Asks: 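The structure's right below; bear with me while I get my questions together.
All ligand and atom numbering here is 1-based and tracks the order in the structure. Small disclaimer: the values here were computed from a predicted structure and weren't measured.
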Amino acid sequence: MQLHLYDTWQRALRPFEPLRAEGVGLYCCGPTVYDYAHIGNLRTYLFEDTLRRVLQFNGHTVRHVVNITDVGHLVSDADEGEDKMEKGSQRAGGESAWALAERFTEAFRQDMQALNMLPPTLWCRATEHIPEQIDFIRILEDKGYTYRTDDGIYFDTARQDDYGYLARLKREGLQAGIRVELGQKRQPTDFALWKFSPRDSQRQMEWDSPWGRGFPGWHIECSAMSAKYLSPWFDIHCGGEDHVAVHHSNEIAQSQACHGTRAANFWLHGAFLQLDEAKMSKSSGDFLRLQTLLDRGYDPLAYRYLSLTAHYRKQLNFSWDSLEGAQQALNRLRSTYAGWPEGGKLLPAFVEAFTAEINQDLNLPRALALVWGLLKQSDSDADKKATLRHCDQVLGLALDRWQPVEQAIPAEILALAEARQAARQARDWTRADALRDELGALGYVLEDGVDGVSVRPAR
Ligand code: AMP
Ligand code: ZN
(Lines give C-alpha, C1' and ligand atoms only; values in the text may rest on other atoms or scores of the structure.)
(Ligands and ions follow the chains in the order given, each with its own letter.)
Protein backbone atom coordinates (compact mmCIF):
# COMPACT_ATOMS: atom_id res chain seq x y z
CA MET A 1 0.00 0.00 0.00
CA GLN A 2 1.34 3.39 -0.97
CA LEU A 3 2.43 5.87 1.68
CA HIS A 4 -0.09 8.68 2.23
CA LEU A 5 0.73 11.77 4.30
CA TYR A 6 -1.45 14.60 5.52
CA ASP A 7 -0.24 17.81 3.92
CA THR A 8 -1.16 20.96 5.84
CA TRP A 9 -0.78 23.03 2.66
CA GLN A 10 -3.55 21.14 0.86
CA ARG A 11 -5.35 20.10 4.06
CA ALA A 12 -5.58 16.62 2.60
CA LEU A 13 -4.06 13.19 2.63
CA ARG A 14 -1.85 12.90 -0.43
CA PRO A 15 0.04 9.93 -1.88
CA PHE A 16 3.73 10.50 -1.25
CA GLU A 17 6.10 10.38 -4.22
CA PRO A 18 9.68 11.64 -3.86
CA LEU A 19 10.60 14.56 -6.09
CA ARG A 20 13.98 13.06 -6.99
CA ALA A 21 15.32 9.59 -7.55
CA GLU A 22 18.32 10.06 -5.25
CA GLY A 23 16.26 10.36 -2.10
CA VAL A 24 13.83 12.25 0.05
CA GLY A 25 14.74 15.68 1.42
CA LEU A 26 13.35 16.19 4.94
CA TYR A 27 13.80 19.45 6.87
CA CYS A 28 12.75 19.64 10.52
CA CYS A 29 12.79 22.88 12.49
CA GLY A 30 15.13 22.20 15.37
CA PRO A 31 15.44 23.44 18.92
CA THR A 32 16.03 26.95 20.16
CA VAL A 33 18.96 26.17 22.42
CA TYR A 34 18.50 28.57 25.32
CA ASP A 35 17.21 25.83 27.61
CA TYR A 36 16.61 22.07 27.75
CA ALA A 37 14.02 20.56 25.44
CA HIS A 38 10.79 19.71 27.27
CA ILE A 39 8.91 16.49 26.63
CA GLY A 40 6.47 18.42 24.41
CA ASN A 41 9.29 19.43 22.07
CA LEU A 42 10.50 15.85 22.19
CA ARG A 43 7.08 14.60 21.11
CA THR A 44 7.48 16.61 17.91
CA TYR A 45 10.98 15.22 17.28
CA LEU A 46 9.70 11.69 17.95
CA PHE A 47 6.99 12.20 15.34
CA GLU A 48 9.65 13.39 12.87
CA ASP A 49 11.90 10.44 13.68
CA THR A 50 8.96 8.09 13.11
CA LEU A 51 8.26 9.78 9.77
CA ARG A 52 11.86 9.24 8.76
CA ARG A 53 11.73 5.60 9.81
CA VAL A 54 8.52 5.05 7.85
CA LEU A 55 10.10 6.62 4.76
CA GLN A 56 13.12 4.33 5.14
CA PHE A 57 10.86 1.32 5.73
CA ASN A 58 9.30 2.13 2.36
CA GLY A 59 12.72 1.90 0.76
CA HIS A 60 13.55 5.61 0.51
CA THR A 61 16.92 7.12 1.29
CA VAL A 62 16.33 10.15 3.48
CA ARG A 63 18.45 13.26 3.73
CA HIS A 64 17.33 14.58 7.10
CA VAL A 65 18.34 18.14 7.97
CA VAL A 66 17.78 19.66 11.42
CA ASN A 67 18.71 23.21 12.29
CA ILE A 68 19.84 24.60 15.61
CA THR A 69 18.32 28.00 16.36
CA ASP A 70 21.09 29.67 18.31
CA VAL A 71 20.24 33.29 17.49
CA GLY A 72 17.31 35.48 16.50
CA HIS A 73 14.31 33.72 18.07
CA LEU A 74 12.67 36.51 20.04
CA VAL A 75 10.59 36.00 23.14
CA SER A 76 7.46 36.70 21.11
CA ASP A 77 7.14 34.99 17.71
CA ALA A 78 5.97 38.39 16.41
CA ASP A 79 9.46 39.95 16.51
CA GLU A 80 9.08 41.59 19.86
CA GLY A 81 10.93 41.27 23.11
CA GLU A 82 14.46 40.12 23.67
CA ASP A 83 16.39 37.42 21.86
CA LYS A 84 15.81 34.16 23.75
CA MET A 85 19.52 33.36 23.70
CA GLU A 86 20.64 36.70 25.14
CA LYS A 87 17.90 36.51 27.76
CA GLY A 88 18.85 32.92 28.62
CA SER A 89 22.44 34.03 29.03
CA GLN A 90 21.42 36.68 31.58
CA ARG A 91 19.33 34.11 33.42
CA ALA A 92 22.25 31.67 33.48
CA GLY A 93 24.20 34.17 35.53
CA GLY A 94 26.38 35.47 32.75
CA GLU A 95 27.25 32.24 30.93
CA SER A 96 27.78 33.51 27.39
CA ALA A 97 25.07 33.02 24.79
CA TRP A 98 27.62 30.98 22.81
CA ALA A 99 28.41 28.65 25.72
CA LEU A 100 24.72 28.31 26.48
CA ALA A 101 24.00 27.30 22.88
CA GLU A 102 26.76 24.69 23.00
CA ARG A 103 25.57 23.23 26.30
CA PHE A 104 21.92 22.92 25.31
CA THR A 105 22.73 21.62 21.82
CA GLU A 106 24.68 18.80 23.45
CA ALA A 107 21.85 18.15 25.94
CA PHE A 108 19.42 17.94 23.03
CA ARG A 109 21.62 15.42 21.21
CA GLN A 110 21.73 13.29 24.33
CA ASP A 111 17.93 13.35 24.63
CA MET A 112 17.64 12.27 21.00
CA GLN A 113 20.03 9.41 21.61
CA ALA A 114 18.26 8.30 24.79
CA LEU A 115 14.98 8.20 22.85
CA ASN A 116 16.63 6.13 20.11
CA MET A 117 16.08 8.79 17.45
CA LEU A 118 18.19 8.39 14.33
CA PRO A 119 20.83 11.12 14.12
CA PRO A 120 20.03 13.63 11.36
CA THR A 121 22.08 13.40 8.19
CA LEU A 122 23.05 17.02 8.74
CA TRP A 123 22.84 19.54 11.57
CA CYS A 124 23.09 23.22 10.74
CA ARG A 125 23.40 26.19 13.05
CA ALA A 126 21.88 29.59 12.35
CA THR A 127 25.04 31.37 13.54
CA GLU A 128 27.17 29.43 11.06
CA HIS A 129 25.02 30.56 8.11
CA ILE A 130 24.96 34.33 8.44
CA PRO A 131 26.29 35.02 4.87
CA GLU A 132 23.64 32.70 3.39
CA GLN A 133 20.93 34.59 5.29
CA ILE A 134 22.29 37.96 4.22
CA ASP A 135 22.34 36.79 0.58
CA PHE A 136 18.75 35.64 0.86
CA ILE A 137 17.61 38.98 2.31
CA ARG A 138 19.52 40.80 -0.47
CA ILE A 139 17.53 38.95 -3.11
CA LEU A 140 14.28 39.81 -1.30
CA GLU A 141 15.40 43.43 -1.19
CA ASP A 142 16.29 43.46 -4.92
CA LYS A 143 12.85 42.08 -5.72
CA GLY A 144 11.17 44.78 -3.66
CA TYR A 145 9.82 42.69 -0.80
CA THR A 146 11.49 44.55 2.06
CA TYR A 147 11.32 47.88 3.88
CA ARG A 148 13.35 49.48 6.59
CA THR A 149 12.24 50.67 10.04
CA ASP A 150 14.28 52.07 12.92
CA ASP A 151 14.88 48.59 14.29
CA GLY A 152 15.37 46.44 11.24
CA ILE A 153 14.59 45.24 7.74
CA TYR A 154 11.10 43.80 7.39
CA PHE A 155 9.31 41.55 4.93
CA ASP A 156 6.31 43.26 3.37
CA THR A 157 3.55 40.64 3.45
CA ALA A 158 1.17 42.94 1.53
CA ARG A 159 3.21 42.09 -1.59
CA GLN A 160 1.72 38.58 -1.65
CA ASP A 161 -1.94 37.94 -2.29
CA ASP A 162 -1.74 34.46 -0.86
CA TYR A 163 0.37 35.30 2.20
CA GLY A 164 -0.62 32.98 5.05
CA TYR A 165 -2.38 30.41 2.83
CA LEU A 166 -0.78 27.56 4.84
CA ALA A 167 -2.64 28.75 7.94
CA ARG A 168 -5.67 29.89 5.92
CA LEU A 169 -5.12 33.37 7.37
CA LYS A 170 -7.71 35.93 6.38
CA ARG A 171 -6.08 39.27 5.84
CA GLU A 172 -9.22 41.35 6.41
CA GLY A 173 -9.81 39.71 9.79
CA LEU A 174 -6.23 40.37 10.78
CA GLN A 175 -6.46 44.02 9.90
CA ALA A 176 -9.73 44.49 11.73
CA GLY A 177 -8.60 42.71 14.84
CA ILE A 178 -5.27 44.43 15.38
CA ARG A 179 -4.43 44.32 19.04
CA VAL A 180 -0.67 44.42 18.83
CA GLU A 181 1.34 47.58 18.75
CA LEU A 182 2.37 47.88 15.11
CA GLY A 183 5.27 50.22 15.72
CA GLN A 184 6.70 51.02 12.31
CA LYS A 185 5.51 47.76 10.82
CA ARG A 186 3.10 48.31 7.95
CA GLN A 187 1.01 45.17 8.55
CA PRO A 188 0.74 43.03 11.68
CA THR A 189 1.89 40.01 9.69
CA ASP A 190 5.11 41.67 8.46
CA PHE A 191 8.18 40.13 10.07
CA ALA A 192 11.82 40.94 10.66
CA LEU A 193 14.48 39.66 8.27
CA TRP A 194 17.33 41.53 9.95
CA LYS A 195 17.25 43.29 13.31
CA PHE A 196 19.67 46.07 14.22
CA SER A 197 21.74 45.84 17.37
CA PRO A 198 20.53 48.31 19.99
CA ARG A 199 22.45 51.59 19.97
CA ASP A 200 22.89 51.72 23.71
CA SER A 201 24.12 48.20 24.44
CA GLN A 202 26.32 45.59 22.86
CA ARG A 203 24.84 42.22 21.90
CA GLN A 204 26.86 39.03 22.35
CA MET A 205 25.77 37.75 18.96
CA GLU A 206 25.91 40.32 16.17
CA TRP A 207 27.27 40.66 12.66
CA ASP A 208 27.90 43.34 10.06
CA SER A 209 25.52 43.43 7.13
CA PRO A 210 24.71 45.74 4.21
CA TRP A 211 21.99 47.28 6.41
CA GLY A 212 24.01 47.72 9.58
CA ARG A 213 25.26 45.70 12.52
CA GLY A 214 22.69 43.26 13.88
CA PHE A 215 21.36 39.73 13.67
CA PRO A 216 19.00 37.73 11.44
CA GLY A 217 15.29 37.29 12.16
CA TRP A 218 14.20 33.80 13.15
CA HIS A 219 12.42 32.69 9.97
CA ILE A 220 15.16 33.45 7.46
CA GLU A 221 17.55 30.81 8.84
CA CYS A 222 15.28 27.93 7.89
CA SER A 223 14.63 29.29 4.39
CA ALA A 224 18.33 29.90 3.76
CA MET A 225 19.56 26.59 5.16
CA SER A 226 16.85 24.36 3.67
CA ALA A 227 17.51 25.92 0.24
CA LYS A 228 21.25 25.41 0.67
CA TYR A 229 21.15 21.80 1.85
CA LEU A 230 18.01 20.46 0.17
CA SER A 231 17.48 22.91 -2.74
CA PRO A 232 14.70 25.51 -3.02
CA TRP A 233 12.15 22.77 -3.79
CA PHE A 234 12.36 19.67 -1.61
CA ASP A 235 10.08 16.93 -0.31
CA ILE A 236 8.94 17.44 3.28
CA HIS A 237 9.12 20.21 5.86
CA CYS A 238 8.03 19.48 9.45
CA GLY A 239 7.45 21.12 12.78
CA GLY A 240 4.99 21.42 15.62
CA GLU A 241 1.49 22.76 14.96
CA ASP A 242 2.36 26.15 16.48
CA HIS A 243 4.60 26.79 13.46
CA VAL A 244 1.74 26.82 10.95
CA ALA A 245 0.48 30.35 11.58
CA VAL A 246 3.76 32.24 11.91
CA HIS A 247 7.08 30.52 11.35
CA HIS A 248 6.14 28.30 8.43
CA SER A 249 3.83 30.87 6.85
CA ASN A 250 6.78 33.25 6.87
CA GLU A 251 9.23 30.66 5.53
CA ILE A 252 6.83 30.04 2.65
CA ALA A 253 6.46 33.78 2.00
CA GLN A 254 10.25 34.14 1.79
CA SER A 255 10.68 31.13 -0.50
CA GLN A 256 7.87 32.22 -2.75
CA ALA A 257 9.39 35.68 -3.07
CA CYS A 258 12.95 34.41 -3.59
CA HIS A 259 12.52 31.18 -5.54
CA GLY A 260 8.89 31.03 -6.61
CA THR A 261 8.29 27.82 -4.66
CA ARG A 262 6.54 27.01 -1.38
CA ALA A 263 9.84 25.38 -0.34
CA ALA A 264 8.48 21.92 0.34
CA ASN A 265 6.05 19.69 -1.52
CA PHE A 266 4.58 18.43 1.79
CA TRP A 267 4.18 20.37 5.04
CA LEU A 268 3.60 18.15 8.07
CA HIS A 269 2.77 19.27 11.60
CA GLY A 270 2.70 17.42 14.88
CA ALA A 271 0.04 18.19 17.49
CA PHE A 272 1.06 19.41 20.92
CA LEU A 273 1.63 17.51 24.08
CA GLN A 274 -0.62 18.91 26.77
CA LEU A 275 0.10 18.86 30.45
CA ASP A 276 -2.98 18.91 32.68
CA GLU A 277 -4.93 20.49 29.83
CA ALA A 278 -2.39 23.29 29.49
CA LYS A 279 0.04 23.62 26.62
CA MET A 280 3.54 22.90 27.78
CA SER A 281 5.87 25.74 27.01
CA LYS A 282 9.56 26.22 27.42
CA SER A 283 9.36 29.90 28.22
CA SER A 284 6.97 29.42 31.17
CA GLY A 285 10.01 28.01 32.98
CA ASP A 286 7.96 25.18 34.44
CA PHE A 287 8.25 22.09 32.33
CA LEU A 288 9.09 18.42 32.31
CA ARG A 289 12.33 17.35 30.72
CA LEU A 290 13.30 13.83 29.78
CA GLN A 291 15.57 13.82 32.82
CA THR A 292 12.56 14.48 35.09
CA LEU A 293 11.08 11.21 33.81
CA LEU A 294 14.34 9.34 34.33
CA ASP A 295 14.62 10.71 37.86
CA ARG A 296 11.29 9.09 38.60
CA GLY A 297 12.65 5.75 37.47
CA TYR A 298 11.19 5.61 33.97
CA ASP A 299 12.98 4.40 30.91
CA PRO A 300 13.32 7.03 28.13
CA LEU A 301 11.86 4.49 25.72
CA ALA A 302 8.71 4.32 27.84
CA TYR A 303 8.16 7.92 26.75
CA ARG A 304 8.78 6.88 23.15
CA TYR A 305 6.24 4.08 23.59
CA LEU A 306 3.74 6.57 25.02
CA SER A 307 4.20 8.82 22.00
CA LEU A 308 3.39 5.90 19.71
CA THR A 309 0.02 5.40 21.39
CA ALA A 310 -1.42 8.68 20.04
CA HIS A 311 -1.66 9.70 16.40
CA TYR A 312 0.74 12.54 15.66
CA ARG A 313 -2.05 14.88 14.58
CA LYS A 314 -3.99 14.42 17.82
CA GLN A 315 -3.09 16.22 21.01
CA LEU A 316 -1.73 13.97 23.70
CA ASN A 317 -2.32 14.64 27.35
CA PHE A 318 0.64 13.67 29.47
CA SER A 319 0.04 12.08 32.86
CA TRP A 320 2.24 10.01 35.13
CA ASP A 321 -0.34 7.24 35.00
CA SER A 322 -0.16 7.03 31.22
CA LEU A 323 3.64 6.94 31.41
CA GLU A 324 3.41 4.17 34.00
CA GLY A 325 1.10 2.25 31.64
CA ALA A 326 3.54 2.76 28.76
CA GLN A 327 6.46 1.53 30.88
CA GLN A 328 4.57 -1.62 31.82
CA ALA A 329 3.49 -2.31 28.25
CA LEU A 330 7.06 -1.83 27.07
CA ASN A 331 8.35 -4.17 29.79
CA ARG A 332 5.93 -6.88 28.72
CA LEU A 333 6.83 -6.45 25.07
CA ARG A 334 10.54 -6.61 25.86
CA SER A 335 10.39 -9.66 28.06
CA THR A 336 8.17 -11.55 25.65
CA TYR A 337 10.47 -10.68 22.76
CA ALA A 338 13.60 -11.60 24.72
CA GLY A 339 12.09 -14.98 25.58
CA TRP A 340 11.45 -15.93 21.95
CA PRO A 341 14.03 -18.02 20.08
CA GLU A 342 16.00 -16.80 17.05
CA GLY A 343 16.04 -18.32 13.56
CA GLY A 344 12.54 -17.50 12.34
CA LYS A 345 11.36 -15.87 9.15
CA LEU A 346 9.15 -12.88 8.45
CA LEU A 347 5.39 -13.38 8.49
CA PRO A 348 4.45 -11.62 5.22
CA ALA A 349 0.73 -11.16 5.96
CA PHE A 350 1.58 -9.43 9.22
CA VAL A 351 4.20 -7.18 7.64
CA GLU A 352 1.68 -6.21 4.98
CA ALA A 353 -0.98 -5.29 7.55
CA PHE A 354 1.57 -3.36 9.63
CA THR A 355 2.79 -1.48 6.54
CA ALA A 356 -0.78 -0.58 5.59
CA GLU A 357 -1.27 1.11 8.97
CA ILE A 358 1.98 3.05 9.07
CA ASN A 359 1.49 4.11 5.45
CA GLN A 360 -1.90 5.57 6.31
CA ASP A 361 -0.45 8.87 7.55
CA LEU A 362 1.67 7.13 10.20
CA ASN A 363 -1.08 5.36 12.09
CA LEU A 364 1.23 4.11 14.82
CA PRO A 365 -1.51 3.53 17.42
CA ARG A 366 -3.11 0.99 15.06
CA ALA A 367 0.27 -0.51 14.14
CA LEU A 368 1.00 -0.96 17.83
CA ALA A 369 -2.35 -2.66 18.36
CA LEU A 370 -1.40 -5.09 15.58
CA VAL A 371 1.85 -5.85 17.41
CA TRP A 372 -0.09 -6.86 20.52
CA GLY A 373 -2.21 -9.07 18.28
CA LEU A 374 0.95 -10.67 16.93
CA LEU A 375 1.90 -11.78 20.42
CA LYS A 376 -1.28 -13.86 20.56
CA GLN A 377 -0.97 -15.34 17.04
CA SER A 378 -0.41 -19.08 16.79
CA ASP A 379 2.68 -18.77 14.51
CA SER A 380 6.03 -19.98 15.80
CA ASP A 381 7.69 -17.76 18.35
CA ALA A 382 10.83 -17.59 16.19
CA ASP A 383 8.81 -16.25 13.25
CA LYS A 384 7.11 -13.75 15.51
CA LYS A 385 10.49 -12.59 16.74
CA ALA A 386 11.85 -12.06 13.22
CA THR A 387 8.67 -10.17 12.32
CA LEU A 388 8.71 -7.93 15.38
CA ARG A 389 12.40 -7.16 14.84
CA HIS A 390 11.53 -6.02 11.33
CA CYS A 391 8.71 -3.79 12.60
CA ASP A 392 10.91 -2.34 15.35
CA GLN A 393 12.78 -0.47 12.60
CA VAL A 394 9.71 1.77 12.63
CA LEU A 395 8.75 1.57 16.31
CA GLY A 396 12.31 2.36 17.42
CA LEU A 397 11.86 0.58 20.75
CA ALA A 398 15.33 -0.99 20.51
CA LEU A 399 13.96 -4.41 21.45
CA ASP A 400 17.23 -6.11 20.54
CA ARG A 401 19.21 -3.94 22.89
CA TRP A 402 17.27 -4.86 25.99
CA GLN A 403 18.64 -7.56 28.26
CA PRO A 404 16.62 -9.04 31.09
CA VAL A 405 18.45 -8.56 34.38
CA GLU A 406 18.11 -11.14 37.07
CA GLN A 407 18.96 -9.39 40.26
CA ALA A 408 18.02 -9.92 43.88
CA ILE A 409 15.87 -7.09 45.27
CA PRO A 410 17.09 -5.82 48.68
CA ALA A 411 14.69 -6.35 51.61
CA GLU A 412 14.47 -2.59 52.23
CA ILE A 413 13.17 -2.07 48.69
CA LEU A 414 10.66 -4.89 49.00
CA ALA A 415 9.39 -3.35 52.24
CA LEU A 416 8.89 0.02 50.52
CA ALA A 417 7.04 -1.67 47.66
CA GLU A 418 4.77 -3.48 50.13
CA ALA A 419 4.11 -0.26 52.04
CA ARG A 420 3.15 1.42 48.77
CA GLN A 421 0.80 -1.44 47.92
CA ALA A 422 -0.83 -1.04 51.33
CA ALA A 423 -1.15 2.73 50.83
CA ARG A 424 -2.83 2.14 47.50
CA GLN A 425 -5.27 -0.33 49.01
CA ALA A 426 -6.06 2.28 51.65
CA ARG A 427 -6.53 4.80 48.81
CA ASP A 428 -3.87 7.01 50.32
CA TRP A 429 -2.60 8.23 46.94
CA THR A 430 -0.32 10.90 48.38
CA ARG A 431 1.58 8.34 50.42
CA ALA A 432 1.55 5.83 47.55
CA ASP A 433 3.04 8.43 45.23
CA ALA A 434 5.61 9.47 47.79
CA LEU A 435 6.70 5.86 48.21
CA ARG A 436 6.88 5.38 44.46
CA ASP A 437 9.07 8.48 44.25
CA GLU A 438 11.24 7.19 47.06
CA LEU A 439 11.68 3.90 45.20
CA GLY A 440 12.43 5.85 42.04
CA ALA A 441 15.10 7.85 43.81
CA LEU A 442 16.65 4.55 44.93
CA GLY A 443 16.64 3.34 41.33
CA TYR A 444 13.61 1.04 41.35
CA VAL A 445 10.30 1.04 39.51
CA LEU A 446 7.03 -0.75 40.19
CA GLU A 447 5.44 -2.98 37.64
CA ASP A 448 1.99 -4.55 37.45
CA GLY A 449 2.19 -8.17 36.44
CA VAL A 450 0.03 -11.26 36.46
CA ASP A 451 0.90 -12.01 40.09
CA GLY A 452 0.28 -8.46 41.35
CA VAL A 453 2.67 -5.57 41.69
CA SER A 454 6.37 -6.28 41.62
CA VAL A 455 9.41 -4.08 41.88
CA ARG A 456 12.48 -4.06 39.66
CA PRO A 457 15.57 -1.95 39.02
CA ALA A 458 14.98 0.99 36.66
CA ARG A 459 16.88 0.86 33.41
P1 AMP B 1 11.47 25.45 20.00
O2 AMP B 1 12.67 24.85 20.66
O3 AMP B 1 10.65 26.28 20.93
O4 AMP B 1 11.82 26.19 18.74
O5 AMP B 1 10.51 24.24 19.61
C6 AMP B 1 10.99 23.07 19.03
C7 AMP B 1 9.87 22.23 18.44
O8 AMP B 1 8.96 21.80 19.45
C9 AMP B 1 9.01 22.98 17.42
O10 AMP B 1 8.78 22.11 16.31
C11 AMP B 1 7.74 23.28 18.14
O12 AMP B 1 6.65 23.36 17.27
C13 AMP B 1 7.62 22.06 19.05
N14 AMP B 1 6.82 22.24 20.28
C15 AMP B 1 6.82 23.28 21.15
N16 AMP B 1 5.99 23.04 22.19
C17 AMP B 1 5.44 21.81 21.99
C18 AMP B 1 4.49 20.98 22.71
N19 AMP B 1 3.94 21.36 23.86
N20 AMP B 1 4.17 19.77 22.19
C21 AMP B 1 4.72 19.37 21.03
N22 AMP B 1 5.61 20.09 20.31
C23 AMP B 1 5.97 21.30 20.77
ZN1 ZN C 1 12.15 26.56 10.98
Asks: Which of the atoms of ligand 1 are close to H243, meaning less than 4.0 Å from one of its heavy atoms?
Replies: 9 (C), 10 (O), 11 (C), 12 (O)
Asks: Tell me which part of Q274 gets within contact of ligand 1: side chain, backbone, both or neither, using heavy atoms under 4.0 Å.
Replies: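 Answer for Q274: neither.
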Asks: What pairs with D162 under salt bridge (Lys or Arg N to Asp or Glu O under 4.0 Å), at least two apart in sequence or on another chain?
Replies: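 None.
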Asks: Between ligand 1 and N41, is the shortest N or O to N or O distance under 3.5 Å?
Replies: yes
Asks: Can we say R138 and D142 salt-bridge, meaning some charged N sits less than 4.0 Å from an Asp/Glu carboxylate O?
Replies: no
Asks: So, for F47 and H269, is the gap between ring centers shorter than 6.0 Å?
Replies: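 Distance test on ring centres: not under 6.0 Å, no.
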Asks: May I ask which of D242, N67, D35 has a heavy atom nearer to atom 12 (O) of ligand 1 than the others do?
Replies: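 The residue whose heavy atom sits nearest atom 12 (O) of ligand 1 is D242.
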Asks: What N/O/S atom of H247 is the closest to the Zn ion (ligand 2)?
Replies: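 Looking only at N, O and S atoms of H247, the one nearest the Zn ion (ligand 2) is named NE2.
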Asks: Is the distance between the ring centroids of F196 and W211 under 6.0 Å?
Replies: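 Distance test on ring centres: not under 6.0 Å, no.
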Asks: For ligand 1, which is the ligand I care about here, please tell me if G240 has any N or O atom under 3.5 Å from one of the ligand's N or O atoms.
Replies: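 Yes: some nitrogen or oxygen of G240 is under 3.5 Å from one in ligand 1.
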Asks: Could you check which of I39, T69, T44 puts a non-hydrogen atom nearest to atom 13 (C) of ligand 1?
Replies: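 Going through I39, T69, T44 one by one, T44 has the nearest heavy atom to atom 13 (C) of ligand 1.
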Asks: Relative to atom 23 (C) of ligand 1, which among F318, F272, Y36 owns the nearest non-hydrogen atom?
Replies: F272
Asks: Where the Zn ion (ligand 2) is the corner point, what angle links SG of C222 with OE2 of E251, to 10°?
Replies: 100°
Asks: For the ring-ring contact (aromatic ring centres under 6.0 Å, His included) test, which of W194, Y163, W218, Y145 pairs with F155?
Replies: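 For F155, the ring-ring contact (aromatic ring centres under 6.0 Å, His included) test succeeds with only one of W194, Y163, W218, Y145, which is Y145.
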Asks: With a cut-off of 2.8 Å, does any N, O or S atom of H243 fall short of it relative to the Zn ion (ligand 2)?
Replies: no
Asks: I want to know if ligand 1 touches T32 in the polar sense, i.e. an N/O pair below 3.5 angstrom.
Replies: yes
Asks: Can you confirm whether D161 is buried at CG, in the sense that more than 12 heavy atoms of other residues, nucleotides or ligands lie under 6.0 Å from that atom?
Replies: no
Asks: Show the atoms of ligand 1 that are less than 4.0 angstrom away from any heavy atom in P31.
Replies: 2 (O)
